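These figures come from a predicted structure and were not determined experimentally. Positions are given from 1, in the same order as the sequence printed here.
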Amino acid sequence: MDDLQRLFTPMELGSLRADSPIPLYHQLHQFLKQRILSGELGFGAKLPGEAQLAEGFGVSRVTAKRAMDLLVANELIARKRGRGSHVVFQAPASDVEAPLVGMLEKLAQMSRSTRVRVLHIDRRSPPAKLVEELDIPAAEPVHYVVRVRFREDQTPFAYYESWTRGIERGYDAQAIESRLRFDIMAENGHQIARIEQHLSAAAAAPPVAEQLRLVPGDPVLTLVRYSFNTQGDLVDLLHCQYHTGHFHYRMNLSVEDYTGQ
C-alpha cells in the first residue's frame, strides 16, 4: 500500500464512482491511461500489482485486472512474469523555443481575468517519480496543491495539481487564490529562469471530470509545466488539465523569430 500512496494522492485513490454509468474497470483504466500519456508514469515505470490497485482504489481484483488488461491491449504497459507491469509507452516530442517574459505576462493576465479556488493543500513527501525529478531526499516534504480555475461567468475550465519545493512562508490557500504563484516563489528565493512545457491529449479522470463538469473519459488538454530557478533546480511541477470546450492554447510564431538555416 505504501508504494500506491507514493504514486497517487488520497483524492485520486478515492476518485472512482460505483454510481457512474461508466464501469469501474473503465474508470480505473482511463485514470491510469491518463497518468501514462501525460508522462507522470513515464517509460519504464513499474505499476502497482492488481491486488494493490484493488485495495488502494477500493475495487475488486477482477476490476483491477480488466483495467490492466486494457492497458496491455493498448500497448501502454507490458507484463513480465516475476517482474510485474511496466510502462512501455513513449510519447514523441519536439521542442519549440519561446521567450519566458511574454509567457509570464500572459499568466499574470489570466490570473487577473479569472479566479481560482483551492480544493486541497498540504505538505507531504512527493511520489517516487517526483522525488527523482526534483532531486530531493524521499522524506523531504513539498507543497501539494489541487485547485480549479474559473472564468468570470463561473465556468470551470482548468484543473491544476502542483508540487512545489523550498517554500517556507506565504503559501496558503488565501495567497494562492489571490496572487500569482511565481511571485510567492520569488519571495521564497526561487526566481524562475526557465520553464519547460509538455502538451498532450488525455481522458478526464473522475475527480477532474467532476470539477470541470465533464463525463469521465471526456477529452481534456493536458499541460505539464516544469519550472526551474536561476541555479537550474526544478522547484515546481504543475500538471494542468483543461476543458477543451472552454479553453484553447494558441501560439503566434513569426518568420522573424526563426533563426535556423
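Rounded to the nearest 0.5 Å, atoms CD (Gln241) and OH (Tyr160) are 11.5 Å apart. Considering CD1 of Ile192 and OG1 of Thr230, their distance stands at 9.0 Å, rounded to 0.5 Å. For the atom pair OG of Ser200 and CG of Leu221, the computed distance is 7.5 Å after rounding to the nearest 0.5 Å. In this structure, NE2 on His86 lies 5.5 Å from NZ on Lys46, to the nearest 0.5 angstrom. Atoms OG and CG, on Ser162 and Leu237 in that order, are 9.0 Å from each other to the nearest 0.5 Å. The line from CZ of Arg147 to CZ of Arg115 is 13.5 Å long, rounded to the nearest 0.5 Å.
For Tyr159, there are no ring-ring contact (aromatic ring centres under 6.0 Å, His included) partners at least two apart in sequence or on another chain. Residues satisfying the salt bridge (Lys or Arg N to Asp or Glu O under 4.0 Å) criterion with Arg61, sequence neighbours excluded, are Glu50. Partners of Asp183 by side-chain contact (heavy atoms from CB on, under 4.5 Å), not counting sequence neighbours, listed by chain and number: Arg179, Leu180. Take Arg165 and apply the salt bridge (Lys or Arg N to Asp or Glu O under 4.0 Å) test, not counting sequence neighbours, and it matches Glu140. Checked against side-chain contact (heavy atoms from CB on, under 4.5 Å), Asp218 has the following partners two or more places apart in sequence or in another chain: Leu214, Val215. Among residues two or more places apart in sequence or in another chain, the ring-ring contact (aromatic ring centres under 6.0 Å, His included) test is passed with Tyr25 by none. Legend: residues meeting side-chain contact (heavy atoms from CB on, under 4.5 Å) with His120, ordered by chain and number and at least two apart, are Met11, Asp122, Arg124, Tyr144, Val146. Listed by chain and residue number, Asn188 satisfy the side-chain contact (heavy atoms from CB on, under 4.5 Å) test with Glu168 (two or more places apart in sequence, or in another chain).
Members clustered with Val116: none, using a 4.5 Å side-chain heavy-atom cutoff among hydrophobic residues.
Phe31 is not listed as a side-chain neighbour of Pro216, based on a closest heavy-atom distance of 4.5 Å or more. Using a 4.5 Å heavy-atom threshold, the side chains of Arg149 and Phe157 count as touching. Counting heavy atoms from C-beta on, the side chains of Leu24 and Leu28 never come closer than 4.5 Å.
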(request) Take Asp236 and Met185 through the test side chain to side chain contact (heavy atoms under 4.5 Å, CB included) and record every step on the way to the result. (result) CA-CA 9 Å; Asp236 182 77; Met185 291 182 210; 3.5 Å; yes
(request) Evaluate the criterion side chain to side chain contact (heavy atoms under 4.5 Å, CB included) for residue pair Ile77 and Leu47; output intermediate values, then yes/no. (result) CA-CA 9 Å; Ile77 68 171; Leu47 273 71; 4.1 Å; yes
(message) Before you tell me yes or no, could you show the steps for His198 and Tyr226 under ring-ring contact (aromatic ring centres under 6.0 Å, His included), namely the whole-Å CA-CA distance, both residues' side-chain angles and the distance that decides it to 0.1 Å?
(response) CA-CA 9 Å; His198 300 256; Tyr226 299 84; 5.4 Å; yes
(request) Start with the C-alpha gap between Leu238 and Leu223, add the side-chain angles, then the distance that decides, and say whether side chain to side chain contact (heavy atoms under 4.5 Å, CB included) holds. (result) CA-CA 8 Å; Leu238 176 67; Leu223 183 148; 5.7 Å; no
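Arg225 contributes no side-chain N or O that, together with a main-chain N or O of Cys240, makes up a donor-acceptor pair within less than 3.5 Å. A donor-acceptor pair under 3.5 Å is absent between the side-chain atoms of Glu55 and the main chain of Gln52, judged by distance alone.
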Atom pairs and distances, donor-acceptor, side-chain atoms in residues 15-22, under 3.5 Å, two or more places apart:
residue	atom	partner	partner atom	Å
Ser15	OG	Glu12	O	2.6
Arg17	NH1	Gly14	O	2.7
Arg17	NH1	Ser15	O	3.4
Ser20	OG	Ile22	N	3.1

N/O donor to acceptor pairs below 3.5 angstrom from side-chain atoms of residues 68-76, sequence neighbours left out:
residue	atom	partner	partner atom	Å
Asp69	OD1	Arg79	NH1	3.0
Asp69	OD1	Arg79	NH2	3.0
Asp69	OD2	Lys65	NZ	3.0
Asn74	ND2	His29	NE2	3.1
Asn74	ND2	Leu70	O	3.2

Using atom types as modelled, flag every donor-acceptor pair under 3.5 Å from a side chain in residues 170-177 to any protein atom, sequence neighbours excluded.
residue	atom	partner	partner atom	Å
Tyr171	OH	Thr164	OG1	3.3
Tyr171	OH	Arg181	NH1	3.0
Asp172	OD1	Gln174	N	3.3
Asp172	OD1	Ala175	N	2.8
Glu177	OE2	Val118	N	2.8

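One hydrophobic cluster holds both Val224 and Phe228 under the rule that ILVMFWY side chains link at heavy-atom gaps under 4.5 Å.
Screening Asp233, Ile184, Asn229 for a side-chain contact (heavy atoms from CB on, under 4.5 Å) with His190, the sole residue that qualifies is Asn229. Across Arg213, His243, Arg117, Arg151, a single residue satisfies side-chain contact (heavy atoms from CB on, under 4.5 Å) together with Pro156, and that is Arg213.
For Val88 against Ala78, the heavy-atom pair with the smallest separation is CG1-CB, 3.6 Å. Between Ala54 and Ala64, the closest heavy-atom pair is N-CB, 4.1 Å.
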